[in-house]
Amino acid sequence: MSLEIAYAAMGGDLETVRGRLLTDERIEKFAKIFLQDTSLQTLENALEAGDFPEAYRGAHTLKGVSRDLGFTPLYEASCALSDALRLDDAGTPADLAAVPELLPAVRTAHSLVVDSIAII
């Protein structure tokens with residue numbers, strides 16, 4: 001029952017994840033592994049250093065992991081940030097000016113997911 005509560009608290013998509021991972025035990029295992037994920041820290045450190053390829057990698061990793069685990073708000077926020085950080089052929093982010101307004105949503109969604117996983 002705690003998976004239902006956790007996914008409801010974060011606005012996640014538990015049913016789709018159940019279709020993908022098949023058992024609640026596996027979902028719980030991977031959700032708890034997410035707590036060790038360092039993609040947000042990688043993203044923030046890279047942005048601070050002006051390392052846009054690494055920042056994009058961090059955002060893109062968050063996007064993929066959150067999609068796979070059904071963390072919908074984090075997926076949506078990291079997807080928008082990943083799109084803004086996507087590099088063109090010259091290595092320039094697509095919409096660097098949008099990053100300061102998109103990053104807080106990623107942080108908030110990440111915190112919501114972490115707090116929700118603590119329920120499990």
Side-chain angles (χ1 to χ4, degrees):
M1 175 98 140
S2 62
L3 273 179
E4 286 86 358
I5 294 169
Y7 271 78
M10 75 173 79
D13 184 2
L14 180 56
E15 291 311 310
T16 298
V17 177
R18 281 180 169 151
R20 186 177 304 121
L21 295 181
L22 306 177
T23 69
D24 285 0
E25 292 77 19
R26 291 179 83 192
I27 297 168
E28 182 176 337
K29 173 186 172 185
F30 287 109
K32 288 182 178 178
I33 288 172
F34 176 79
L35 296 176
Q36 300 168 16
D37 182 81
T38 61
S39 299
L40 181 60
Q41 191 63 47
T42 296
L43 166 64
E44 291 177 330
N45 291 345
L47 285 173
E48 188 174 312
D51 184 348
F52 300 122
E54 189 69 5
Y56 172 75
R57 187 180 71 79
H60 192 265
T61 299
L62 271 177
K63 178 179 95 169
V65 170
S66 60
R67 181 201 60 223
D68 291 347
L69 292 174
F71 302 158
T72 306
L74 182 56
Y75 167 71
E76 291 170 351
S78 59
C79 186
L81 184 58
S82 178
D83 288 347
L85 288 169
R86 186 175 311 278
L87 303 175
D88 64 15
D89 292 338
T92 304
D95 190 3
L96 189 57
V99 171
E101 68 185 56
L102 295 172
L103 186 57
V106 172
R107 288 180 180 136
T108 299
H110 187 275
S111 292
L112 178 61
V113 168
V114 168
D115 292 346
S116 298
I117 292 171
I119 296 170
I120 300 174

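Every value quoted in this text rests on a predicted model; they were computed, and no experiment measured them.
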Report summary line: Minimal heavy-atom distance between Arg67 and Arg20, with the atoms involved, is O-NH1, 3.5 Å

Query raised in the report: What pair of heavy atoms forms the shortest contact from Ser78 to Ala59, and how long is it?
Result: CB-O, 3.9 Å

Query raised in the report: Can you name the closest pair of heavy atoms from Ala98 and Ala84 and give their distance?
Result: CB-CB, 4.5 Å

**Report entry** Thr92 vs Leu87 side-chain heavy atoms within contact, under 4.5 Å
**Finding:** no

**Report entry** Student check: side-chain heavy atoms of Leu43 and Leu103 closer than 4.5 Å
**Finding:** yes

Report task. State plainly whether one hydrophobic cluster holds both Leu35 and Met10, where clusters connect Ile, Leu, Val, Met, Phe, Trp and Tyr through side-chain heavy atoms under 4.5 angstrom apart. Result -> yes

Report summary line: Separation between NE2 (His60) and CG (Leu81), nearest 0.5 Å, reads 12.0 Å

Query raised in the report: Does the side chain of Leu102 reach to within under 4.5 Å of the side chain of Asp83, using non-hydrogen atoms?
Result: no

Requested in this report: Supply the atom-to-atom distance Cys79 SG to Leu74 CG, rounded to the nearest 0.5 angstrom.
Outcome: 11.0 Å

Report task. Using a 4.5 Å cut-off on heavy atoms from C-beta on, say whether the side chain of Leu21 contacts that of Asp68. Result -> no

**Report entry** Validation row: Ile27, Tyr7 side chains within 4.5 angstrom (heavy atoms)
**Finding:** yes

**Report entry** Test item: Asp13 and Tyr75 side chains (from C-beta on) under 4.5 Å apart, heavy atoms
**Finding:** no

Report task. With the side chain counted from C-beta on, respond yes when Leu40 and Leu62 share a heavy-atom pair under 4.5 Å apart, and no when they do not. Result -> yes

Query raised in the report: Out of curiosity, Ile5 CD1 to Leu14 CG, how far, rounded to the nearest 0.5 Å?
Result: 11.5 Å

Query raised in the report: At what distance, to the nearest 0.5 angstrom, does CG of Leu85 lie from CG of Leu96?
Result: 7.0 Å

Query - Heavy-atom pair with the smallest gap, counting every atom of Thr42 and Glu54 - result: CG2-OE2, 3.3 Å

Report summary line: Rounded to the nearest 0.5 angstrom, the CG-NE2 distance for Asp37 and His110 is 6.0 Å

Query raised in the report: What are the two closest heavy atoms between Ala109 and Ala77, and how far apart are they?
Result: CB-CB, 4.4 Å

**Report entry** Spatial distance of atom OG1 (Thr23) from atom CZ (Arg26) [nearest 0.5 Å]
**Finding:** 6.0 Å

Query - Mutual orientation of the aromatic rings belonging to Phe71 and Phe34 [parallel < 30°, tilted 30-60°, perpendicular > 60°] - result: perpendicular

Report summary line: Those residues at least two apart in sequence (or on a different chain) that pass salt bridge (charged side-chain N to carboxylate O under 4.0 Å, His left out) with Arg18 are Glu4, Glu15, Asp24

**Report entry** Basic-acidic side-chain contact under 4.0 Å: Lys29, Glu25
**Finding:** no

Query raised in the report: Any idea which heavy atoms bring Ser39 and Thr61 closest together, and the distance?
Result: OG-CG2, 3.1 Å

